[in-house]
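Take a look at the structure set out below.
Side chains included, hydrogens not; waters and symmetry mates left out as well; all remaining heavy atoms used.
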Amino acid sequence: MTVWTVLGIALVMALIIGVGLLSGKKVQDAKDFVTGGGKAGPLMVCGAIMGSLVSSQATIGTAQLSFSYGLAAWWFTLGAGIGCLFLGLGYSRALRGSKCVTEVQIISRAYGPSAGVFSSVLCSIGIFISVLAQVVACAGMVKTLFPQVPTALATLISIATMCFYVVFGGAWGAGMGGIVKLVLLYIASVVGMVYVLVVSGGLSGIIAGLNQILSGTEVGMIQESANGLKNLADSGDIAARYGNLIARGAMKDIGSGVSLLLGVLSTQTYAQAIWSAKSDKKAKQGALLSACLIPPLGIAGICIGLFMRSHYILQAEVDAMLQAGMKVPNLPVLASTIQVFPAFVLNHMPALFAGIVLGTLFISTVGGGAGLSLGMATILVKDIGKRISTKLQDAGNELKITRVTLTGVLVIAAVVAAIVPGSTINDLGFMSMGLRGSVILVPMSCALWVRKKLNPNCVVAAIILAPIAVLAGNMRSIPIDSLYLGILVSAICCGAGAVFETKE
C-alpha cells in the first residue's frame with residue numbers, strides 16, 4: 001500500500017468525521033437527535049436509509065459472492081431495494097400516521113405494555129447482534145488495510161469512527177453521513193464497473209473470459225474438490241452458474257431477497273428515517289429514491305466479481321491442482337473470496353483513488369453499525385428507559401441519555417467482539433434479521449391496518465414464540481430461511497388474536 005493510498009483513506013476518514021461534527025450543530029434536543037426534528041427532505045431520508053442498509057455486504061459481499069455464483073449475488077441489493085419500495089409505497093404513510101417514534105411504540109399502544117416490553121427487549125437483542133457483526137467487520141477492514149495494527153486497536157478505531165458518524169448528530173449525522181457515503185460509493189462502483197467493461201470488451205468479453213479460465217480447464221474441473229461447487233465442464237455449466245439469478249437454488253436465493261425485504265420493514269433504523277421527513281410525500285420519495293439507487297450498486301459489484309473470477313484463482317484451487325498433479329496457471333492468487341473487492345481496488349485502480357475507495361468501503365461498514373446502534377439506543381430510551389425513569393421526560397436529559405446509551409451500545413459491542421470469536425458472531429449475525437423481523441413485522445402490521453382489536457395475550461405470544469421458532473429453525477437447519485418459520489408462527493398467533501378478539 002502506497003503513501004497515496006493511505007492519503008486517500010485519510011481523506012475519507014477526515015471527511016466523515018467533519019460531517020459528524022457538523023451534523024451535531026443541528027441537534028438542539030432529543031427530537032432533533034432521534035428523528036432530525038422532522039425536517040428531512042427526500043435526499044436526507046435516502047441517506048439515512050442507505051447509510052445503514054448499504055454496508056459491506058452490498059459491495060465487498062456482492063463481489064465475493066459473484067466470484068463464486070455470478071448473477072445470484074444480486075439478491076442482497078435487489079431484496080434491499082424491493083424492501084425500500086414496500087417501505088415507501090406501503091408503510092411510510094401508515095408509520096407517520098401512527099405519530100410514534102419507534103416501531104415498538106406502535107405495538108405497545110395497540111396491544112398494551114407487556115407487548116411493548118417483550119418486543120423492546122427481543123428487538124434490541126436482534127439489533128445488538130447486527131451491531132456486533134458490523135463492529136467485527138469494521139475491525140477486520142482496519143486489519144486488512146493495516147495488518148500491523150493490533151485487533152484491540154482496530155476495534156477501538158472502528159467504534160470511535162461510528163461515534164463520530166452518529167453520536168453527535170444522531171439522525172442528522174446518519175442522514176448527512178449517508179449522503180456522503182452514497183456519493184462516494186456510487187463514484188467507486190461506477191468507475192469500477194466502467195473499468196471492467198472497457199478492459200473486458202463489454203459483457204461478452206466478461207463471459208468469454210469466464211469460459212477461457214473455467215470451461216473444462218484445470219481450474220474448472222477442480223471446483224468440487226477446492227470450493228465444494230459443481231465442476232464446470234463446458235460453457236453450459238458456466239451459464240448455469242454465473243448467468244443464473246437462482247444459481248444456489250430458488251428457495252435460498254429468492255429467500256435471501258425476501259428476508260431483506262422483511263428486514264427493511266421491521267428494522268427501527270429505517271422507520272426512523274421515515275419519521276425524520278418533513279412530510280409524508282418527502283418520506284415516500286426518500287424511500288423510493290433508495291429503492292432506485294440500491295440495486296445498481298449490486299450490478300457493479302457483480303461485474304467486478306466476474307472480472308476478478310476471470311483473472312484470478314484462489315489458494316484453495318492452487319492446492320487442489322497441485323494435489324491432483326495438474327499444472328497451475330500463471331494467474332494472481334487470492335487467499336480467499338473475501339479479498340475479491342479489495343484486491344480489485346488495490347491492483348486495478350490508481351493509488352489515491354484506491355485509497356478513497358477503500359476508505360469508502362470502511363465507512364460503508366461504519367454507517368451500518370452506527371445506524372443500527374442509533375435504532376437500538378432509541379428503543380432502549382424511548383420504550384424501556386421512559387418506563388422506569390421520570391428523568392427522561394425532560395428533553396435535555398433525554399438527549400444526553402440517548403447519546404450515552406448509543407456510546408454504551410458501541411463500547412459493549414466492542415468488548416463482546418474482543419471476547420467472542422469472530423466466526424461465532426458472524427454465524428449469529430445471520431439470525432439477527434430473522435429475530436427482528438419475527439418480533440416486529442406481523443404485530444406492527446396488524447396494529448397499523450387491522451381494525452379488529454386483537455387479543456393482547458395472543459400478540460404477546462406471537463412476540464415471544466416467533467423468535468423462538470427462528471432460533472429452533474436455525475438449530476435444526478431447516479431447508480428454508482428460519483425467518484419464514486418465525487413469520488408463520490407470528491401470523492398464526494395474531495390470527496388467533498383476531499378470533500379471540502378483545503371485546504370493548
Side-chain angles (χ1 to χ4, degrees), residues 20 30 33-34 51-52 55-56 102 104 117-143 149-171 173-174 177 267-269 272 362-363 365-389 391-392 397-436 439-440 467 471:
F33 189 83
V34 172
S52 298
S55 61
S56 57
T102 70
V104 171
V117 169
F118 281 113
S119 56
S120 297
V121 173
L122 293 172
C123 189
S124 295
I125 292 172
I127 294 175
F128 185 71
I129 293 171
S130 282
V131 174
L132 273 178
Q134 293 296 329
V135 170
V136 170
C138 279
M141 177 68 75
V142 174
K143 291 282 290 180
V149 173
T151 300
L153 180 57
T155 304
L156 181 61
I157 292 171
S158 300
I159 65 166
T161 310
M162 288 181 186
C163 284
F164 276 109
Y165 192 98
V166 77
V167 164
F168 295 102
T267 299
Q268 168 65 24
T269 304
Q272 217 158 314
F362 175 66
I363 292 302
T365 310
V366 165
L372 289 167
S373 298
L374 175 61
M376 181 177 173
T378 303
I379 291 173
L380 292 174
V381 173
K382 294 282 188 181
D383 299 314
I384 297 178
K386 282 195 170 184
R387 294 179 184 274
I388 60 179
S389 175
K391 292 183 178 180
L392 290 175
N397 286 336
E398 183 182 348
L399 175 58
K400 293 176 183 177
I401 295 299
T402 303
R403 280 175 165 157
V404 170
T405 302
L406 200 162
T407 304
V409 167
L410 290 172
V411 170
I412 293 171
V415 172
V416 174
I419 296 173
V420 180
S423 58
T424 302
I425 292 172
N426 289 332
D427 289 341
L428 290 174
F430 288 108
M431 290 192 295
S432 173
M433 191 76 78
L435 291 173
R436 301 197 310 264
V439 168
I440 292 292
L471 293 173

Grab the two heavy atoms, one from Cys123 and one from Ile440, that are nearest each other, plus how far apart they are.
SG-CG1, 3.9 Å

Where is the tightest heavy-atom contact between Leu132 and Ala413, given as atom of each residue plus distance?
CD2-O, 3.2 Å

Within this structure, what is the CD1-OG1 distance for the pair Ile412 and Thr405, rounded to the nearest 0.5 Å?
9.5 Å

Got a second to check how far Leu156's CG is from Thr161's OG1, nearest 0.5 Å?
9.0 Å

Indicate whether the side chain of Gln272 and that of Thr378 have a donor and an acceptor atom separated by less than 3.5 Å.
yes

Hey, is CZ on Phe118 packed in by over 12 heavy atoms from elsewhere, all under 6.0 Å?
no

Applying side-chain hydrogen bond (donor to acceptor under 3.5 Å, both in side chains) to Thr267 and not counting sequence neighbours gives Arg436

Step by step, would you call Ile127 with Val409 a side-chain contact (heavy atoms from CB on, under 4.5 Å)?
CA-CA 10 Å; Ile127 294 175; Val409 167; over 6 Å; no

Could you tell me which residues satisfy side-chain contact (heavy atoms from CB on, under 4.5 Å) with Val149, sequence neighbours excluded, listed by chain and number?
Val142, Phe146, Leu153, Ala154

In sequence, state the C-alpha distance, the side-chain angles, and the governing distance for Val135 and Met162, and then conclude on side-chain contact (heavy atoms from CB on, under 4.5 Å).
CA-CA 9 Å; Val135 170; Met162 288 181 186; 4.1 Å; yes

Examine distances only and state if a side-chain atom of Thr102 and a backbone atom of Ile379 form a donor-acceptor pair shorter than 3.5 Å.
no

